[in-house]
Amino acid sequence: MSKLLIVRDLSKTFPGQVALDHFDVEIAAGTTHALVGQNGSGKSTFIKILAGYHQPDPGGTATIAGEALRLGDGRAAQEAGIRFVHQDLGLVDVLSSVENISMGVGYSTTRWGRIDWKADTARAAAALAGLGFTDIDVTAPVGTLAPAQKTAVAIARALHDWEAGAHLLVLDEPTASLPGADVERLFTAIRRLKERGVAILYVSHHLDEVFEIGDEVSVLRDGQRVTTVDTASVDHEALIELMI
């Protein structure tokens with residue numbers, strides 16, 4: 001498969017700590033690429049550089065869909081089609097799914113300049129149905145939704161414009177607060193996204209999930225990428241040994 005995101009020689013140094021040390025990674029389109037490692041291995045630092053929260057050290061390079069990507073620039077990531085769903089979903093519980101999605105992507109308006117709630121409601125329902133969540137009342141406060149439904153709302157908001165160029169979805173510990181049945185619903189949604197050609201960067205401490213949903217897995221240790229392998233080619237013990 002073609003490589004969507006290619007990162008080379010990425011480093012990040014904090015006072016007294018090297019968080020990333022010449023980190024490389026390649027992620028193919030239409031695949032789920034898991035990123036694993038112990039706490040402090042550099043996973044969160046990499047995600048935060050992609051999102052523009054941290055500036056990398058000089059020297060690292062990246063391309064996405066064949067175009068140069070400016071690392072450490074949130075707007076550049078957005079324009080390049082990288083979308084994020086963090087562990088803190090960033091939803092407002094007292095607002096509906098319609099309102100949470102519209103706040104993130106912009107409101108539809110009528111020709112008189114008023115909010116077109118009918119259009120926004122249809123957009124929210126269609127986005128969630130595309131992820132397999134047809135049972136959500138999009139007008140109900142998201143605080144009343146099940147955990148997997150809340151995660152689906154965050155993903156729908158992140159990928160509202162995937163047809164217009166959303167290439168990569170970064171899921172950072174998306175199952176941290178999900179019960180088992182909800183995890184399976186999330187995985188079904190991820191598989192639907194892969195079928196559309198969206199690449200998934202999946203960060204998790206749960207190795208069972210990595211083996212179930214991941215096509216490839218990259219192992220980080222002490223800020224360096226130890227290896228990238230097909231998940232089918234390793235088992236739990238081998239992966240743990242690589243991590244430690």
Side-chain angles (χ1 to χ4, degrees), residues 1-7 10 19-21 23-51 62 64 82-89 131-132 147-148 150-152 154-155 158-159 166-244:
M1 294 185 181
S2 61
K3 298 300 182 182
L4 174 69
L5 177 70
I6 301 174
V7 176
L10 177 61
L20 283 177
D21 186 7
F23 173 71
D24 296 335
V25 72
E26 296 183 357
I27 300 175
T31 67
T32 299
H33 192 109
L35 193 63
V36 301
Q38 297 187 88
N39 290 335
S41 63
K43 304 186 304 296
S44 293
T45 300
F46 174 53
I47 299 305
K48 288 178 179 178
I49 289 174
L50 275 184
I64 184 164
I82 303 177
R83 303 291 184 264
F84 299 86
V85 175
H86 300 285
Q87 187 171 341
D88 180 352
L89 299 176
L131 296 173
K150 290 182 179 181
T151 302
I155 293 174
L159 286 180
H167 298 299
L168 173 66
L169 176 63
V170 179
L171 296 175
D172 188 4
E173 299 286 355
T175 64
S177 61
L178 298 187
D182 281 0
V183 170
E184 286 303 318
R185 293 197 73 185
L186 175 62
F187 286 175
T188 298
I190 289 173
R191 294 184 182 104
R192 284 173 178 253
L193 293 172
K194 286 170 55 179
E195 290 172 0
R196 301 178 187 176
V198 176
I200 313 293
L201 177 57
Y202 192 89
V203 182
S204 179
H205 285 96
H206 302 292
L207 298 189
D208 287 344
E209 296 175 5
V210 169
F211 285 103
E212 182 171 350
I213 200 68
D215 299 299
E216 291 185 307
V217 54
S218 288
V219 180
L220 271 160
R221 187 173 68 230
D222 297 329
Q224 296 180 324
R225 181 180 64 87
V226 177
T227 188
T228 298
V229 295
D230 292 337
T231 53
S233 68
V234 293
D235 57 20
H236 282 74
E237 291 185 3
L239 194 56
I240 291 172
E241 184 175 350
L242 289 167
M243 290 169 59
I244 65 175

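All values reported here derive from a predicted model rather than from experimental measurement. In this chain, numbering begins with 1 at the start of the sequence shown.
- Contact annotation: the side chain of Ile155 approaches that of Leu171 to within less than 4.5 Å [non-hydrogen atoms, C-beta and beyond].
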_Does Arg191 form a side chain to side chain contact (heavy atoms under 4.5 Å, CB included) with Ile213? I'd like the steps, not just the answer._
CA-CA 8 Å; Arg191 294 184 182 104; Ile213 200 68; 4.0 Å; yes
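- Of the inter-residue distances, the one linking Ser233 atom OG with Leu239 atom CG reads 9.5 Å to the nearest 0.5 angstrom.
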*asked:* For Val7 and Phe46: C-alpha separation, side-chain torsions, deciding distance, then whether side chain to side chain contact (heavy atoms under 4.5 Å, CB included) applies.
replied: CA-CA 10 Å; Val7 176; Phe46 174 53; 4.2 Å; yes
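- Shown here for Glu26 and Glu216, the closest heavy-atom pair between the two residues is O-OE1, 4.3 Å.
- Side-chain contact between Glu212 and His206 is absent, with no heavy-atom pair separated by less than 4.5 Å.
- Scanning all heavy atoms of the two residues, the minimum distance from Ser204 to Glu209 falls at OG-OE1, 3.2 Å.
- Atoms CD and CG, on Glu195 and Leu193 in that order, are 9.0 Å from each other to the nearest 0.5 Å.
- Taking CZ of Phe84 as the reference point, atom CD1 of Ile47 lies at 7.0 Å (rounded to 0.5 Å).
- Rounded to the nearest 0.5 Å, atoms OH (Tyr202) and CG (Asp215) are 13.0 Å apart.
- Looking only at side-chain heavy atoms (C-beta outward), Ile49 and Phe23 stay at 4.5 Å or farther from each other.
- Enclosure of atom CG in Asp222 is not indicated, since only 12 or fewer non-hydrogen atoms of other residues, nucleotides or ligands lie within 6.0 angstrom.
- Residue Leu5 holds its CG atom at 11.0 Å from NE2 of His167, rounded to the nearest 0.5 Å.
- Val85 and Ala154 get closest at one heavy-atom pair: CG2-O, 3.8 Å.
- Nearest heavy-atom pair, Asn39 versus His205, reported as atom, atom and distance to 0.1 Å: OD1-NE2, 2.9 Å.
- Listed here is the closest heavy atom pair of Thr231 and Gly214: OG1-O, 2.7 Å.
- Atoms CG and OG1, from Leu50 and Thr45 in turn, are 11.5 Å apart once rounded to the nearest 0.5 Å.
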*Take Met243 and Leu207 through the test side chain to side chain contact (heavy atoms under 4.5 Å, CB included) and record every step on the way to the result.*
CA-CA 11 Å; Met243 290 169 59; Leu207 298 189; 4.1 Å; yes
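- The two residues Leu220 and Arg225 have their closest heavy-atom pair at CD2-N, 3.9 Å.
- Considering Thr32, Leu4, Leu35 in turn, Leu35 is the only one that fulfils the side-chain contact (heavy atoms from CB on, under 4.5 Å) rule with Leu201.
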